[in-house]
Protein chains: 2
Amino acid sequence: MDTELNKGELEVNSDLETRLTGDHHDSLRLWLRMLSCTVMVEAEIRSRLRNEFGITLPRFDLMAQLERYPDGLRMGELSKRMMVTGGNITGITDQLEQENLVVRVLDPKDRRAYSVKLTASGREAFQRMAAVHESWIAELFSGMPGKQKTHLSELLSQVKNHLNVSISKFENKSEQE
Amino acid sequence: MDTELNKGELEVNSDLETRLTGDHHDSLRLWLRMLSCTVMVEAEIRSRLRNEFGITLPRFDLMAQLERYPDGLRMGELSKRMMVTGGNITGITDQLEQENLVVRVLDPKDRRAYSVKLTASGREAFQRMAAVHESWIAELFSGMPGKQKTHLSELLSQVKNHLNVSISKFENKSEQE
DNA sequence: TATTGTTATACTCTATAACTATA
DNA sequence: TATAGTTATAGAGTATAACAATA
């Protein structure tokens with residue numbers, strides 16, 4: 001496995017300071033801090049979702065996607081949005097369908113395709129969970145001033161746009177308002 | 001569980017486009033954007049680590065922890081840092097040990113405990129991977145101005161501190177309700 | 001008795017590839 | 001041929017609980 005990524009092609013402007021890799025380190029520090037924050041919140045939320053509702057994060061996420069699209073989403077769209085391969089979406093959808101939380105609806109125009117939708121009880125269950133989920137998030141971030149939150153949100157929105165350029169495979173990914 | 005549900009219902013019922021839940025929504029928006037960015041980068045990095053080095057993110061993370069502590073870390077410390085339960089650390093460590101990347105060293109003072117350390121070849125392998133990993137991160141964040149990166153890093157550092165308060169499990173606190 | 005780490009178990013998520021049905 | 005989705009498989013991460021050895 002060769003590791004010689006050509007540094008020259010990745011480096012943009014490294015000639016100003018003595019530290020040739022200053023930008024690299026800035027990026028790495030940013031990433032590690034973002035990752036650290038996310039892992040902390042994610043671990044806590046995953047644990048609470050499991051204990052309180054017996055649901056996993058991927059299932060919750062799938063329902064969250066569907067909740068924003070009342071007309072449903074096709075399997076392939078879910079796969080792209082959740083950034084996992086198709087087989088996984090089949091599995092998660094199977095389970096949710098067994099629990100009567102989502103339903104597959106055949107697309108009349110393309111008989112290969114389904115639209116996956118929340119059922120009435122799925123929507124109700126999700127909204128109940130989402131409200132509690134939101135209160136958990138508010139609790140975890142309660143130490144931050146409100147102004148800082150909105151400022152950070154705006155910055156992260158820009159980060160997301162930059163990433164959408166860097167990581168072309170996600171170009172179809174939805175925008176969270 | 002019922003208390004949590006009631007909490008959620010209260011918030012739903014009071015959501016009348018008033019500002020009562022404004023802070024909740026600010027927090028949620030912040031979290032969703034942070035999560036979105038992280039998931040994008042994480043998916044890309046996980047895929048590259050797998051394809052280029054045949055290593056998974058948790059294993060890479062464990063090695064990264066050890067690289068920062070040349071004297072080694074005990075299983076329990078790794079468990080806390082990686083936020084997974086002890087059995088998982090055993091499994092990941094087993095695999096890394098089989099590949100001669102880490103080694104368990106008996107603690108002479110406490111014969112129940114080990115220090116897990118990188119081997120020489122583990123350190124070399126990690127440093128090689130880490131350099132490439134860093135260049136990947138720099139590539140993914142290359143669209144952002146450097147000033148924005150450092151600014152965001154500082155903000156996220158504060159977020160992390162707030163979270164450390166909210167999420168007590170990450171502190172060495174013996175909570176017994 | 002409490003703590004450190006392991007083992008056993010079950011479940012979930014994940015990627016890959018082969019497969020079907022349809023376009 | 002290409003596309004949408006499923007199935008089959010293998011591998012890995014995860015939580016939980018029971019357990020052994022040591023403190």
Side-chain angles (χ1 to χ4, degrees), chain A residues 39 42-63 72-99 102-116 169 172, chain B residues 39 42-63 72-99 102-116 169 172-176:
Chain A
V39 167
E42 207 169 3
E44 182 71 15
I45 293 298
R46 181 175 51 205
S47 160
R48 292 191 187 189
L49 281 177
R50 180 190 200 77
N51 294 333
E52 299 290 329
F53 299 115
I55 198 173
T56 62
L57 217 36
R59 284 176 214 178
F60 183 80
D61 285 345
L62 194 150
M63 294 179 78
L73 287 171
R74 309 219 308 204
M75 303 299 277
E77 285 174 330
L78 283 168
S79 171
K80 256 189 291 188
R81 286 173 192 282
M82 297 183 60
M83 288 173 251
V84 295
T85 51
N88 305 314
I89 298 296
T90 297
I92 298 174
T93 302
D94 284 349
Q95 293 171 317
L96 291 173
E97 196 168 29
Q98 260 186 337
E99 298 176 39
V102 307
V103 62
R104 284 174 168 92
V105 180
L106 251 166
D107 185 330
K109 297 173 194 158
D110 184 342
R111 281 154 60 200
R112 295 171 305 179
Y114 297 104
S115 270
V116 187
K169 76 164 79 157
N172 277 341
Chain B
V39 166
E42 207 169 3
E44 183 70 15
I45 293 298
R46 181 175 52 205
S47 160
R48 293 191 187 188
L49 281 176
R50 180 190 200 77
N51 294 334
E52 298 289 328
F53 298 115
I55 197 172
T56 63
L57 217 35
R59 283 177 216 180
F60 183 80
D61 285 346
L62 195 150
M63 293 178 78
L73 287 171
R74 307 216 313 203
M75 303 298 278
E77 285 173 331
L78 283 168
S79 172
K80 256 188 292 187
R81 285 174 192 282
M82 297 181 61
M83 289 173 251
V84 296
T85 52
N88 305 314
I89 298 296
T90 297
I92 298 174
T93 302
D94 284 349
Q95 293 171 319
L96 291 173
E97 197 169 28
Q98 260 186 339
E99 298 176 39
V102 307
V103 63
R104 285 172 167 92
V105 180
L106 251 166
D107 185 330
K109 297 174 196 160
D110 184 343
R111 281 155 58 201
R112 295 171 305 180
Y114 298 103
S115 270
V116 187
K169 80 163 66 156
N172 223 353
K173 168 189 166 192
S174 62
E175 73 283 73
Q176 191 60 269

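Lettering follows sequence order; numbering is per chain, from 1. Keep in mind that this is a model prediction, so the values were computed, not measured.
- The interatomic distance linking B:Tyr114 (OH) with D:dA21 (P) rounds to 12 Å, in whole Å.
- Checked against ring pair (Phe, Tyr, Trp, His ring centres under 6.0 Å), B:Phe60 has the following partners two or more places apart in sequence or in another chain: B:Phe126, B:His133.
- With respect to the salt-bridge test (charged N to carboxylate O, under 4.0 angstrom), the residues A:Glu44 and A:Arg48 qualify.
- Judged by closest nucleotide on DNA chain D, A:Thr90 is the one of A:Thr90 and B:Gly91 placed further toward the 5' end.
- Across all non-hydrogen atoms, the minimal contact from A:Met75 to A:Thr93 is CE-OG1, 3.7 Å.
- For the pair B:Lys80 NZ and C:dG5 P, the computed distance is 10 Å after rounding to whole Å.
- Residues that satisfy the side chain to side chain contact (heavy atoms under 4.5 Å, CB included) test with B:Arg59, not counting sequence neighbours, are B:Ile55, B:Thr56, B:Ile92, B:Gln95, B:Leu96, B:Glu99.
- The nearest whole Å value for the distance from the CG atom in A:Leu96 to the P atom in C:dC13 is 9 Å.
- The pair A:Asp110-A:Arg112 meets the salt-bridge criterion, with a side-chain N (NZ, NE, NH1 or NH2) lying under 4.0 Å from an Asp/Glu carboxylate O.
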Contact letters for nucleotides 14-23 of chain C, in which S counts primed atoms plus P, OP1 and OP2 and B counts the base, heavy atoms under 4.0 Å: BBB----BBS
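- OP1 or OP2 of D:dG13 has at least one side-chain nitrogen or oxygen of B:Arg59 nearer than 4.0 Å.
- Per the geometry, CD belonging to B:Glu99 stands 13 Å off C1' belonging to D:dA12, to the nearest Å.
- Spacing between atom CD of B:Gln98 and atom C1' of D:dA12 amounts to 14 Å, rounded to whole angstrom units.
- The shortest distance between the side-chain N/O atoms of A:Gln95 and the OP1/OP2 oxygens of C:dC13 is below 4.0 Å.
- Atoms CZ (A:Phe60) and P (C:dT12) sit 18 Å apart, rounded to a whole Å.
- Between B:Arg104 and C:dT6 there is a side-chain polar atom (N or O) within less than 4.0 angstrom of OP1 or OP2.
- For B:Leu57 and D:dG11, the CG to C1' distance is 16 Å, given to the nearest whole Å.
- When distances run from any side-chain atom of B:Thr56 to the nucleotides D:dG13, D:dG5, C:dC13, the shortest one goes to D:dG13.
- The CG-P distance, from B:Asp107 to D:dA21, rounds to 19 Å in whole Å.
- A pairwise comparison of heavy atoms in B:Thr85 and B:Ser79 identifies C-OG, 3.7 Å as the closest pair.
- Closest non-hydrogen pair, B:Arg74 versus B:Ser115, comes out as CG-OG, 4.4 Å.
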